[in-house]
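Each residue takes its place number in the sequence, starting with 1. When a ligand or atom number is given, it counts from 1 through the structure's own listing order.
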Amino acid sequence: MSAQLLDGKVMSEALRAEIAVRVAALKEKGVHPGLAVILVGEDPASQIYVRNKGIGCEQVGIHSVTIRMPETTTQEELESQIRALNADESIHGILVQLPLPRHLDEAAALAVIVPEKDVDGFHIQNAGKLLNGLNGVVACTPKGALEMIRRTGVDLTGKEAVVVGRSNIVGKPMAMLLLQQNCTVTMCHSRTADLAAHTRNADVLVAAVGKAKFITADMVKPGAIVIDVGINRLESGKVVGDVDFDSVKEVAGWITPVPGGVGRMTITMLLENTVEAAEKLLVK
Ligand code: GUN
């Protein structure tokens, strides 16, 4: 293996220790940071994510509640639950686990969360702030991915960054963050004509496609920083990323593993966003 491993577990341990100190300082001032997670339905992957979020909260001392709602929940019921949490002073962060069951309107539900408690950074006010270079809540996965990229120590100014995937949750905010770092950013997606021609140019390559082992060694520039956002479960039960780790690690300069890479950092950033939301309340 020639690439250096960007280990999300190691980075997260250090960051979570710092977050725990901030939580303790808040508690001394009488504020106990609280996160509420709403889980609608029985999606198995969502159950695992939500459990890991709870474990993360416990680790740093954040109070967390999971509100489980049945698959048959109506839009009205969901929005009324969100409104109750908006008004609950013991809750500083609200997260609606996605995807929601098909009959529910995700965008409408997310719009009900007060932007100050939107620790996912999905509210259009926070997305708009990122677009405009203003201080808002930044979505956890791209925020965590950027933190990993920064920890390579590479000066990002003028570097070619390629983001594969154009979702509102990852691809678009990731591109904005890399632009803020003075990268020249290219966004690729399922309709991109010659994907490999773009990815081979990338000094920083972020894969958020949702296809197992999609990025192969021949698509990667030697020495590149390769960030794998994918979490794909194979039929064997094994979890792999969007990057073919075994071959790409021989070409890349830095690479994130799956599991133990970006996913772990996503939850760490959620904890950080929750603490930040509680801290901001205190200075108001
Ligand atoms: N589903 C997959 N990733 C996420 C995430 O980061 N936040 C929420 N709320 N749902 C998700």
Side-chain angles (χ1 to χ4, degrees), residues 8 12 15 34-57 62 64-69 71 73 78-79 81-82 85-86 91-102 104-127 130 136-148 163 165-174 176-177 206-211 227-233 239 241-242 256 258-259 261-274 276-277:
S12 281
L15 286 162
L35 172 70
V37 175
I38 300 178
L39 177 58
V40 186
E42 307 287 331
D43 181 64
S46 291
Q47 308 265 359
I48 297 170
Y49 293 143
V50 168
R51 198 183 62 211
N52 288 337
K53 284 166 190 171
I55 293 168
C57 284
I62 292 175
S64 84
V65 285
T66 302
I67 296 152
R68 292 172 193 278
M69 303 182 79
E71 187 85 26
T73 299
L78 174 59
E79 292 185 10
Q81 178 59 255
I82 295 170
L85 293 168
N86 283 344
I91 295 299
H92 303 88
I94 302 169
L95 182 150
V96 177
Q97 184 64 35
L98 304 179
L100 288 170
R102 296 253 303 273
L104 294 173
D105 182 339
E106 268 177 18
L110 295 176
V112 176
I113 302 174
V114 286
E116 295 77 15
K117 293 191 180 187
D118 167 41
V119 283
D120 251 334
F122 293 168
H123 192 286
I124 50 168
Q125 183 170 308
N126 284 316
L130 180 62
V137 184
V138 176
C140 304
T141 299
K143 187 178 178 183
L146 180 66
E147 184 65 32
M148 298 179 99
V163 179
R166 55 177 159 179
S167 69
N168 291 339
I169 295 180
V170 182
K172 288 178 196 168
M174 187 78 245
M176 287 306 120
L177 289 173
V206 180
V209 208
K211 287 187 187 158
I227 305 293
D228 191 349
V229 179
I231 300 177
N232 309 290
R233 193 173 289 274
V239 172
D242 291 348
T256 65
V258 177
V262 176
R264 183 64 70 104
M265 287 291 277
T266 295
I267 294 180
T268 302
M269 293 301 127
L270 173 68
L271 305 174
E272 188 174 274
N273 283 351
T274 304
E276 252 165 48

Item to complete: Do me a favour and list the nearest non-hydrogen protein atom to atom 1 (N) of ligand 1 with residue, atom name and distance?
Response: L98 O, 2.8 Å
Fill in: Q97: numbered ligand 1 atoms lying under 4.0 Å from its heavy atoms
1 (N), 9 (N), 10 (N), 11 (C)
Worksheet, complete the sentence: CG of L146 to CE of M174, rounded to nearest 0.5 Å, is 5.0 Å
Item to complete: Might you confirm whether atom CD1 of I124 has over 12 heavy atoms from other residues, nucleotides or ligands at distances under 6.0 Å?
Response: no
Worksheet item: What are the two closest non-hydrogen atoms of L110 and H123, and how far apart are they?
Response: O-CD2, 3.5 Å
Practice prompt. To the nearest 0.5 Å, tell me how far I94 CD1 sits from N86 CG.
Written response: 4.5 Å
Item to complete: For L95, counting its heavy atoms only, list the atoms of ligand 1 lying under 4.0 Å from any of them.
Response: 9 (N)
Practice prompt. Mind checking the CD1-NZ spacing from I62 to K53? Nearest 0.5 Å is all I need.
Written response: 13.0 Å
Worksheet entry | Within reach of ligand 1, part of I169 (heavy-atom separation under 4.0 Å) | neither
Worksheet item: Any protein heavy atom sitting closer than 4.0 Å to atom 7 (N) of ligand 1?
Response: yes
Worksheet entry | Protein contact to atom 9 (N) of ligand 1 [nearest heavy atom, distance to 0.1 Å] | D120 OD2, 2.6 Å
Worksheet item: Heavy-atom count around E42 CD within 6.0 Å, excluding the residue itself: above 12?
Response: no
Discussion item. I need the atoms of ligand 1 closer than 4.0 Å to a non-hydrogen atom of V96, numbered in the order shown.
Written reply: 8 (C), 9 (N)
